[in-house]
**Q** 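Below is the structure I would like to discuss, written out as structure tokens.
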Amino acid sequence: MQRSEQERLRIESLAQMRELGIDPYPAAEFKATYKAADLTEGFEEGLQVVLAGRLMTRRIMGKASFASLQDSTGTFQLYINRDEICESEDKVLYNTVFKKLLDRGDFIGVEGETFLTKTGEPSLRVRKLTVLSKAIRPLPSPKTDDDGVVHDAFTDPELRYRMRYVDLVVNPEVRKTFEARSRVIQAMRDTFSEKGWLEVDTPVLQAIPGGAAARPFITHHNALDSQLYLRIANELYLKRLIVGGFEGVYEFSRNFRNEGMDRTHNPEFTIMELYVAYKDYRWMMTEMEQLLANVCQAVHGETRAELAGTTINFAPPYARVTMRDAILEYAKVDIDGLDEDGLRAACKNLGMEIDDSMGKGKLIDELFGEHCERHYVQPTFITDYPIEMSPLCKAHRDNPRYTERFELFIAGTEVANAYSELNDPIDQRERFEAQVALMERGDDEAMFVDQDFLRALEYGMPPTSGVGIGVDRLVMMLTGQTSIQEVLLFPQMRPEIFES
RNA sequence: GACCCCCUAGCUCAGCUGGUUAGAGCAUCUCACUUUUAAUGAGAGGGUCGAGGGUUCGAGUCCCUCGGGGGUCACCA
């Protein structure tokens, strides 16, 4: 393996440490008494503290040095004086270990007391220094000048995504994004658990990939000698649990779809699905408004978030627009009363690319996607989807051509999808049969029939409303990111080839 | 899958219509320095220019193939 000059020197330092009787990778627990942020907030002088973290910058001035120590909460300045850490005549710890053998990126533990430097910087006067772990590779070294401008930042997306561990160490805003992601998920979980709903786990390996229309990843179980799929959705399993008598169930579901990748699609992604018995989609809209306001509050301390130069306002209520009105407004087409041929003519009229495999539902969806979607920047519920495009959703109580469905759009992107769930087993069977017809017509995304799910519905499912929230996309909206890769710790990449 | 762009030191980047020994800043190494904070001053080392082939007297630069990444589009109801 080819090593750079810097790596070779660090490996040499490692050996020298061992010769001095210092274990560069000690096994013992190291008990830090504070975190960097604890010391910075409400700074107190003369406090005895023990800190642990990575040595990040060093400014050596002969017999005294300044350094910064970075832990999970931030950085804190260290002041290291030769004669204070080496009280006897033996100055090896300072002159050799600290100045020569330690490098940027090494983990150390320090003990001492807090004080203010003459320039007023909160600092730790180090009395004792312990090597906790030696780093062999040099970290990138971004620097921030007086004007807050970052120089030499570690920015190459390929390197950042492949080596997220390095990205997280040197780019503090990256760590903040993932802390925000965790708060989003925690806020949802807290809200649901307070309402008494049950968090459940349902199969990732499924014999029939149901609940959505997408190409699945296929795998094989040896002992059963059967083909299995990684789930594209968990919807049908959560509904089975509602049949079983749970009245509120939810799951943060990692789904897998064997489709293209772009800035809003990764082959594996997370959808939070929630089903609540005796509710309808109107109730769910109100519930979602409150949930997202809470989540935004948890992340930002207010119900607004900045995204690509616009302020997104998450405070309820959100606009509610029917799909018919949306298409009427932006495409000037009234889908009400148009049959498939009429729709096809209208699409052609607008210069859209369409083909014969597209049914009525798909044509309407194209109209909406092409002309309307991008206009909904502030959170907006698009409601009452045509029945042809929603095979798991109950027909609208006032008009059977539509369904009791909404999608929530933010910044022109679909963030949530909800129904008054179809619980009529006869109707559901017919809808599945219509999907089979679409599949035979050439639609390779039509849904599979799940006989066991139909059997479950035949045992009776209470009226239920369900929702799926695209967690990754919601995190994007809340953290101002425009690429899904920035909200996934390890986005999908082509496998890296290593020389052995 | 299609098109466009990118790949040069540990990091961020220069490198013109092809020209002699491939540069800078930071990082690294040596020396100096007991309150610095993009520390400072003096000196030094570090490169298979993504890989392979071709054109040429001569290729980081031009051409071809391959690999990786980014963007746009398609696909993803």
Side-chain angles (χ1 to χ4, degrees), chain A residues 2-10 12-13 56-68 75 77-84 94 99-100 103-105 115-121 123 125 135-162 166 170-171 212-215 232 257-267 269 323 353 358-369 373 385-386 388-393 405 407 414 417 435 438 443-447 482-483 485 491 493-497 499:
Chain A
Q2 282 286 345
R3 309 224 72 134
S4 70
E5 181 195 26
Q6 289 188 50
E7 289 168 351
R8 288 194 298 270
L9 284 161
R10 282 168 177 239
E12 179 56 28
S13 297
M56 291 304 281
T57 60
R58 283 189 304 167
R59 295 175 289 283
I60 297 172
M61 298 159 303
K63 300 182 186 67
S65 302
F66 287 93
S68 64
T75 62
Q77 177 164 274
L78 307 178
Y79 173 73
I80 300 170
N81 182 298
R82 186 192 70 182
D83 299 329
E84 288 171 2
Y94 182 81
K99 279 172 69 176
K100 308 271 189 205
D103 292 290
R104 174 183 159 79
F115 75 109
L116 278 177
T117 63
K118 72 176 186 189
T119 56
E121 178 79 14
S123 304
R125 184 182 301 278
I136 292 309
R137 291 180 187 253
L139 288 167
S141 44
K143 299 224 169 182
T144 308
D145 67 19
D146 295 339
D147 303 321
V149 180
V150 180
H151 301 264
D152 304 326
F154 181 59
T155 52
D156 183 326
E158 174 168 11
L159 296 178
R160 286 183 49 232
Y161 301 152
R162 285 198 193 277
V166 173
V170 303
N171 291 325
R215 275 182 282 269
I232 56 173
R257 297 188 182 175
N258 207 339
E259 315 273 5
M261 296 159 61
D262 62 28
R263 82 157 83 92
T264 55
H265 296 84
N266 192 70
F269 61 104
M323 172 142 287
E353 278 182 36
M358 290 177 168
K360 200 173 162 185
K362 188 113 183 177
L363 290 168
I364 292 171
D365 189 56
E366 288 289 318
L367 273 172
F368 180 76
E373 213 171 81
Y385 283 56
E388 296 82 356
M389 44 193 296
S390 312
L392 301 169
C393 183
R405 173 181 183 180
E407 287 190 352
E414 176 196 342
N417 180 22
Q435 289 292 306
L438 279 178
D443 186 344
D444 59 354
E445 288 143 12
M447 284 186 194
T482 54
S483 162
Q485 298 176 104
M493 304 284 277
R494 268 209 167 72
E496 194 173 354
I497 295 160
E499 296 163 25

**Q** Taking ring pair (Phe, Tyr, Trp, His ring centres under 6.0 Å) as the definition, give me every residue that meets it alongside Phe368(A), ordered by chain and number, with sequence neighbours left out.
**A** Phe409(A)

**Q** Rounded to whole Å, please give me the gap between CD in Glu12(A) and C1' in G45(B).
**A**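 Interatomic distance, CD of Glu12(A) to C1' of G45(B): 16 Å.
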
**Q** How would you list, by chain and number, every residue that makes a salt bridge (charged side-chain N to carboxylate O under 4.0 Å, His left out) with Asp262(A), sequence neighbours excluded?
**A**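 Expected list: none.
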
**Q** Please enumerate all residues that pass salt bridge (charged side-chain N to carboxylate O under 4.0 Å, His left out) together with Glu121(A), with sequence neighbours excluded.
**A**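 Glu121(A) satisfies salt bridge (charged side-chain N to carboxylate O under 4.0 Å, His left out) with no other residue.
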
**Q** Please name all residues satisfying ring pair (Phe, Tyr, Trp, His ring centres under 6.0 Å) with Phe154(A), sequence neighbours left out, ordered by chain then number.
**A**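 Per chain and number, Phe154(A) pairs via ring pair (Phe, Tyr, Trp, His ring centres under 6.0 Å) with no residue.
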
**Q** Return the CZ to CG distance between Arg3(A) and Leu9(A), rounded to the nearest 0.5 Å.
**A** 12.0 Å

**Q** Suppose you measure atom P in A24(B) against the same atom in A42(B); what distance do you get, rounded to whole Å?
**A** 15 Å

**Q** Could you tell me which residues satisfy ring pair (Phe, Tyr, Trp, His ring centres under 6.0 Å) with Tyr94(A), sequence neighbours excluded, listed by chain and number?
**A** Phe98(A)

**Q** So what does Glu373(A) hit on the nucleic acid, given a heavy-atom distance under 4.0 Å: a base, only sugar-phosphate, or nothing?
**A** nothing

**Q** Just the dot-bracket of RNA chain B, please: which string comes out with Watson-Crick or G-U pairs under 3.5 Å, [ ] for crossing, | for another strand?
**A** (((((((..((((.....[...)))).(((((.......))))).....(((((..]....))))))))))))....

**Q** Taking only N and O in the side chain of Arg162(A), is any of them less than 4.0 Å away from OP1 or OP2 of G69(B)?
**A** yes

**Q** With a 4.0 Å cut-off on heavy atoms, is Thr117(A) in touch with a base, just the backbone sugar-phosphate, or nothing at all?
**A** base

**Q** Taking only side-chain N and O atoms of Gln485(A), does any of them lie within less than 4.0 angstrom of OP1 or OP2 on G70(B)?
**A**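 Indeed, a polar side-chain atom of Gln485(A) lies that close.
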
**Q** Which nucleotide wins on minimum distance to the side chain of Gln77(A), given the candidates U36(B), G70(B), U34(B)?
**A**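 Nearest to the side-chain atoms of Gln77(A), counting from C-beta on, is U36(B).
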
**Q** When you compare the side chain of Met447(A) with that of Leu392(A), does any pair of heavy atoms fall below 4.5 Å?
**A**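 A side-chain contact under 4.5 Å exists here.
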
**Q** Are a donor atom and an acceptor atom from the side chains of Thr117(A) and Ser123(A) found within less than 3.5 Å of each other?
**A**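 The criterion, which ignores hydrogens and geometry beyond distance, is not satisfied for Ser123(A) and Thr117(A).
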
**Q** Mark yes or no for whether Arg10(A), through its side chain, and Arg137(A), through its backbone, hold a donor-acceptor pair below 3.5 Å.
**A** yes

**Q** To the nearest Å, give me how far apart CD (Glu121(A)) and P (U35(B)) are.
**A** 16 Å

**Q** Measure from CZ on Arg125(A) to C1' on U34(B) and round the result to the nearest Å.
**A**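 To the nearest whole Å, that distance equals 11 Å.
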
**Q** Please pick, from C75(B), U28(B), G70(B), the nucleotide with the shortest atom-to-atom distance to any side-chain atom of Glu259(A).
**A**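 Taking heavy atoms from C-beta onward, the closest nucleotide is C75(B).
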
**Q** Touch check for Gly260(A), heavy atoms < 4.0 angstrom, all strands: base, sugar-phosphate only, or nothing?
**A**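 Since a base atom lies under 4.0 Å of Gly260(A), the category is base.
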
**Q** Which nucleotide in the list G68(B), A27(B), U37(B) gets nearest to the side chain of Glu158(A)?
**A**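 Output: G68(B).
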
**Q** Under 4.0 Å, counting only non-hydrogen atoms across every strand here, what does Phe269(A) touch: a base, just sugar-phosphate, or nothing?
**A** nothing

**Q** Can you measure Asp262(A) atom CG to A74(B) atom P for me and round it to whole angstrom units?
**A**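 Computing the Asp262(A):CG to A74(B):P distance gives 10 Å.
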
**Q** Take the protein atom CE of Met56(A) and the nucleotide atom C1' of U36(B), then report the distance between them rounded to whole Å.
**A**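 Atom CE in Met56(A) sits about 18 Å away from atom C1' in U36(B).
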
**Q** For Arg82(A), which residues count as a side chain to side chain donor-acceptor pair (under 3.5 Å) partner, sequence neighbours excluded?
**A**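 With neighbours one apart ignored, the set is empty.
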
**Q** Which residues pass the side chain to side chain donor-acceptor pair (under 3.5 Å) test with Asp103(A), sequence neighbours left out?
**A**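 Side chain to side chain donor-acceptor pair (under 3.5 Å) list for Asp103(A), sorted by chain: Lys134(A).
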
**Q** Roughly how many Å apart are G23(B) and C33(B), using the P atom of each and rounding to a whole number?
**A**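 These two P atoms come out 34 Å apart once rounded.
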
**Q** Please list, for nucleotides 40-43 of chain B, all pairs of protein and nucleotide N/O atoms separated by less than 3.5 Å.
**A**
none

**Q** Does Phe115(A) or Pro157(A) map to a spot on RNA chain B nearer the 5' end, using the closest nucleotide for each?
**A**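 Between the two, 5'-proximity favours Phe115(A).
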
**Q** If we take the C1' atom in both U35(B) and G43(B), what is their distance in whole Å?
**A**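 Nearest-Å result for U35(B) against G43(B) at atom C1': 27 Å.
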
**Q** Does Glu158(A) have any salt bridge (charged side-chain N to carboxylate O under 4.0 Å, His left out) partners at least two apart in sequence or in another chain, and if so, which?
**A** Arg162(A)

**Q** Say we look at G41(B) and G46(B): how far apart would their C1' atoms be, to the nearest angstrom?
**A**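 It comes out at 22 Å once rounded to the nearest Å.
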
**Q** Specify the separation, in whole Å, of atom CE of Met261(A) and atom C1' of G70(B).
**A** 12 Å

**Q** What integer number of Å spans the P atoms of C5(B) and U48(B)?
**A**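 Comparing P positions in C5(B) and U48(B) gives a spacing of 27 Å.
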
**Q** For a 4.5 angstrom cut-off between non-hydrogen side-chain atoms, does Met323(A) reach Pro386(A)?
**A**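 Met323(A) vs Pro386(A): side chains touch.
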
**Q** Under 4.0 angstrom, heavy atoms only, what part of the nucleic acid is Arg58(A) near: base, sugar-phosphate, or nothing?
**A**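 It contacts nothing in the nucleic acid.
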
**Q** Restricting both atoms to N or O, compile the protein contacts to nucleotides 8-12 of chain B shorter than 3.5 Å, with distance only.
**A**
{"residue": "G10(B)", "atom": "N9", "partner": "Gln6(A)", "partner atom": "NE2", "Å": "3.4"}
{"residue": "C11(B)", "atom": "O2'", "partner": "Asp152(A)", "partner atom": "O", "Å": "3.2"}
{"residue": "U12(B)", "atom": "OP1", "partner": "Asp156(A)", "partner atom": "N", "Å": "3.3"}

**Q** Is the base of U37(B) touched by the side chain of Thr119(A) through a donor-acceptor pair closer than 3.5 angstrom?
**A**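 Check passes, donor-acceptor contact within cut-off.
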
**Q** Please measure how far the C1' atom in A9(B) lies from the corresponding atom in G15(B), and state the result in whole Å.
**A**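 Between the two C1' atoms, the distance is 14 Å.
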
**Q** Please determine if a side-chain N or O atom of Lys99(A) lies less than 4.0 Å away from the OP1 or OP2 oxygen of C29(B).
**A**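 So the side chain of Lys99(A) is outside the cut-off, no N or O lying under 4.0 Å from OP1 or OP2 of C29(B).
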
**Q** In whole Å, I'd like the distance from the CZ atom of Arg82(A) to the P atom of A32(B).
**A**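 The answer, rounded to whole Å, is 12 Å.
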
**Q** Tell me which of Arg257(A) and Asp83(A) sits closer to the 5' end of RNA chain B, going by the nucleotide each one is nearest to.
**A**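 The residue closer to the strand's 5' end, by nearest nucleotide, is Asp83(A).
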
**Q** Please report, rounded to the nearest Å, how far the P atom of A27(B) is from the CZ atom of Arg8(A).
**A** 20 Å

**Q** Taking the C1' atom in each of G53(B) and G67(B), what is the distance between them to the nearest angstrom?
**A**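 It works out to 15 Å between them.
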
**Q** Within a strict 4.5 Å, meaning less than it, do heavy atoms of the Asn81(A) and Arg125(A) side chains meet?
**A**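 The answer is no; the side chains never approach within 4.5 Å.
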
**Q** Quick one: side chain to side chain contact (heavy atoms under 4.5 Å, CB included) partners of Ser390(A), sequence neighbours excluded?
**A**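 Ser390(A): side chain to side chain contact (heavy atoms under 4.5 Å, CB included) contacts with Tyr385(A), Cys393(A), Thr403(A), Arg405(A).
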
**Q** Can you tell me if Arg59(A) touches the phosphate of U37(B), counting only side-chain N or O atoms and a distance under 4.0 Å to OP1 or OP2?
**A** no

**Q** Say we look at U20(B) and C62(B): how far apart would their P atoms be, to the nearest angstrom?
**A** 16 Å

**Q** Please determine if a side-chain N or O atom of Lys143(A) lies less than 4.0 Å away from the OP1 or OP2 oxygen of U37(B).
**A**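 The answer is no; no side-chain N or O of Lys143(A) sits under 4.0 Å from OP1 or OP2.
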
